Protein chains: 2
Amino acid sequence: MPQVGARPALSRSVEDYLKAIYRLALQASPVATSDIAQALDLSAPSVSGMVKRLSEQGLLEHVPYKGVELTDRGRRAALGMLRRHRILETYLVEKLGFTWDSVHPEAERLEHAASESLIERMALTLGNPAFDPHGDPIPQADGSVAEVESMPLTEIPPNSTVEILRVVTSEPKRLRYLAEFGLTPGSILYLVDRQPFHGPVTVRVGRKDRVLGHEMAALVLCRPTDGDQIA
Amino acid sequence: MPQVGARPALSRSVEDYLKAIYRLALQASPVATSDIAQALDLSAPSVSGMVKRLSEQGLLEHVPYKGVELTDRGRRAALGMLRRHRILETYLVEKLGFTWDSVHPEAERLEHAASESLIERMALTLGNPAFDPHGDPIPQADGSVAEVESMPLTEIPPNSTVEILRVVTSEPKRLRYLAEFGLTPGSILYLVDRQPFHGPVTVRVGRKDRVLGHEMAALVLCRPTDGDQIA
DNA sequence: TCGTTAAATTAGGTATACCTAATATTAATA
DNA sequence: TATTAATATTAGGTATACCTAATTTAACGA
């Protein structure tokens, strides 16, 4: 008899594979096994073996020497994991006072253990949020994912005012660095200047001007605001 | 580099063994391997094997053919698990609206995944509770456990008023049954009558008289209240 | 088109944690 | 004390998920 609130029993490993493949498929599809190996820090043969088992289970389709794609079942499972992860991160930050740079590993472990009903109760308590603290969209229970148009700071023309929508890193050091500058989702900033050829970007947050390296600025996704007023 | 808030990495299985041995040792010590096997629903040889590995790791002392006892290290780990479990149960009930009969399996899975710092944040949010929703004492971070004198309903003399302190089962059906009667920790009841030789017990809760089978009544631990007034 | 290289797979092996069947030890009884 | 029954352990085997080393396949440039 299956547990109340339980989900199809996939092992931790399998859940991690599906999540990684989903993410990688957003960049390029089919996904190369070597990319999976790199993402999960595993050897290539380990991934080959697991990929074979997962396709036998109907979670993904594998064309040997070509790559893998998630089946509908595999994608649903991956989206479920992503939902769990992002609801957990949001809950930890909103309700338990964790900082946005510290929640990733905690959510990474809890997402395998939390039941569907726990996640839905957390979501309800949070008012069914559509985005997590990093601005990542939270897949809804029906599998839909909000798509938001955004541009990295490195592509915004100088002299524009933008709202930060999303920060695409889970590295604590970088998250702390950005938060120190006030560069978190929802905040408004004015792009003062941008050096060509992958040079630094100067932004004004509040009254302060900050210089961001190109790599850092590329992680900050924004949307231009209507006016051009300085906050 | 160990994780922030992480604990010594013990596997799920090991954590379950230590928890079970701790509980069993409260009844009788040393603990028989067959009792561990029964508690964890494993074969006797599986337990023999694991017991050997755990004693090699210094988590318990094993005298072959006699039984096992936790070492200090083993006891600390077990108390840690118990704390995690009970904080989690309390949090799920108090903050997320779970019912007291449904939290056990959820906590059983989360206790292996939650970091020390998550548990301490939950405890703080709850005001560092000393007891969980079933009245079980929550081991404190320093390893101390509140001891409360209590008697099962089956040993209370008729015509006395008692407060329920604890209900010692995790079976949902029984918990729901008792909750229906208003028999939860903190509630006051009047023991109307008690049949000898393991017969049923009649209690009055509010205005209603309820008859409880002996087995059920034995799960309800109480403390006599000063007066003898009927609530 | 042939050879070289990069990528992927297969072969074979390890650790954990379980199992059943067989054996050993202890404790209770005749 | 010898036998028996209960308890525990050892022996040997399975599944999962990882590893390294060896091999195969595909793709690309000479």
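Note that the coordinates shown come from a computational prediction; the quantities given were computed from them, not determined experimentally. Residue numbers begin at 1 in each chain, while the letters A, B, ... track the order of the sequences.
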Asker: Using a 3.5 Å cut-off and no angle test, enumerate the donor-acceptor pairs between side-chain atoms of residues 134-146 of chain B and protein atoms at least two apart in sequence or in another chain.
Answerer:
from      : atom 1 : to        : atom 2 : distance (Å)
His134(B) : ND1    : Glu89(B)  : OE1    : 3.0
His134(B) : NE2    : Trp100(B) : O      : 2.9
Asp136(B) : OD1    : Arg166(B) : NE     : 2.7
Asp136(B) : OD1    : Arg166(B) : NH2    : 3.2
Gln140(B) : NE2    : Ile138(B) : O      : 2.9
Asp142(B) : OD1    : Ser144(B) : N      : 2.8
Asp142(B) : OD1    : Ser144(B) : OG     : 2.8

Asker: Write down the distance between CD (Gln57(A)) and P (dT16(D)), rounded to a whole number of angstrom.
Answerer: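 My rounded result for the distance is 9 Å.
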Asker: Take atom CD in Gln57(B); do more than 12 heavy atoms of anything else shown fall under 6.0 Å from it?
Answerer: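 More than 12 heavy atoms, drawn from other residues, nucleotides or ligands, come within 6.0 Å of this atom.
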Asker: Identify whether NZ of Lys or CZ of Arg in Arg121(B) sits under 6.0 Å from the centre of the six-membered ring of Phe98(A) and within 45° of that ring's axis.
Answerer: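 Judged by the rule (NZ or CZ under 6.0 Å from the ring centre, within 45° of its axis), Arg121(B) counts as positioned above Phe98(A).
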Asker: What integer distance in Å separates Asp16(A):CG from dC18(D):C1'?
Answerer: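 In whole Å, dC18(D) C1' lies 14 Å from Asp16(A) CG.
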Asker: Atom OH of Tyr65(A) and atom C1' of dT5(C): how far apart are they, to the nearest Å?
Answerer: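 Rounded to whole Å, this separation is 14 Å.
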Asker: Which whole-number value in Å describes the distance from Gln38(A) CD to dA8(C) P?
Answerer: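 Distance check: Gln38(A) CD to dA8(C) P gives 11 Å.
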Asker: Applying side-chain hydrogen bond (donor to acceptor under 3.5 Å, both in side chains) to Ser13(B) and Ser11(B), what does each step give before you reach the verdict?
Answerer: CA-CA 5 Å; Ser13(B) 296; Ser11(B) 72; 4.6 Å; no
Asker: Between the protein and nucleotides 19-21 of chain D, list every N/O to N/O distance that falls short of 3.5 Å.
Answerer:
from    : atom 1 : to       : atom 2 : distance (Å)
dC19(D) : OP1    : Ser43(A) : N      : 3.4
dC19(D) : OP2    : Ser43(A) : N      : 3.0
dC19(D) : OP2    : Ser43(A) : OG     : 2.8
dC19(D) : OP2    : Ser46(A) : OG     : 2.2

Asker: Measure CG/Leu10(B) against C1'/dA15(C) and give the value in whole Å, please.
Answerer: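 These atoms are roughly 17 Å apart.
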Asker: Side chain of Tyr17(B) only, heavy atoms from C-beta on: which candidate in dC18(C), dT9(C), dT10(D) is closest?
Answerer: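 Minimum distance to the Tyr17(B) side chain belongs to dC18(C).
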Asker: Tell me, yes or no, whether the heavy-atom count around Glu120(A) atom CD, taken from other residues, nucleotides or ligands under 6.0 Å, exceeds 12.
Answerer: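 Yes, the 6.0 Å shell around CD holds more than 12 heavy atoms from other groups.
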Asker: Would you find a donor on one side and an acceptor on the other, under 3.5 Å apart, between the side chain of Ser150(A) and the backbone of Leu221(A)?
Answerer: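 Not confirmed, Ser150(A) side chain does not pair with Leu221(A) backbone.
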Asker: When you measure from the side chain of Thr184(B) to the backbone of Ala179(B), do you find a donor-acceptor pair of N or O atoms at a distance under 3.5 Å?
Answerer: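 Looks like no, no N/O pair under 3.5 Å.
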Asker: What integer distance in Å separates Glu56(B):CD from dA17(C):P?
Answerer: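 Atom CD in Glu56(B) sits about 13 Å away from atom P in dA17(C).
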Asker: Between Ser13(B) and dC18(C), is there a contact of a side-chain N or O with OP1 or OP2 at under 4.0 Å?
Answerer: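 Yes, such a contact exists.
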Asker: Quickly work out the Lys66(B) NZ to dT7(D) C1' distance and round it to whole Å.
Answerer: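 Going from Lys66(B) (NZ) to dT7(D) (C1'), I get 11 Å.
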Asker: Identify which nucleotide among dA17(D), dT9(D), dA7(C) has an atom closest to any side-chain atom of Ser34(A), counting heavy atoms from C-beta outward.
Answerer: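 Looking only at side-chain atoms, Ser34(A) lies closest to dA7(C).
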Asker: Remember a base hit wins even if backbone is also touched, and classify Thr33(B) as base, sugar-phosphate or nothing at under 4.0 Å, heavy atoms.
Answerer: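 Sugar-phosphate, backbone atoms only, no base.
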Asker: Looking only at side-chain N and O atoms, does Ser11(B) come under 4.0 Å of OP1 or OP2 in dT16(C)?
Answerer: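 Indeed not, no polar side-chain atom of Ser11(B) lies that close.
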Asker: How close or far is atom P of dA24(C) from atom NZ of Lys52(B), stated in whole angstroms?
Answerer: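 Between P of dA24(C) and NZ of Lys52(B): 15 Å.
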Asker: Among dA8(D), dC18(D), dT9(D), find the nucleotide with the atom closest to the side chain of His62(B).
Answerer: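 My answer, after comparing the listed nucleotides, is dT9(D).
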Asker: dA17(C) phosphate, OP1 or OP2: any side-chain N/O from Arg53(B) under 4.0 angstrom?
Answerer: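 Yes, such a contact exists.
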Asker: So which nucleotide from dC18(D), dT9(C), dA17(C) ends up closest to the side chain of Met50(B)?
Answerer: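 So the side chain of Met50(B) is nearest to dA17(C).
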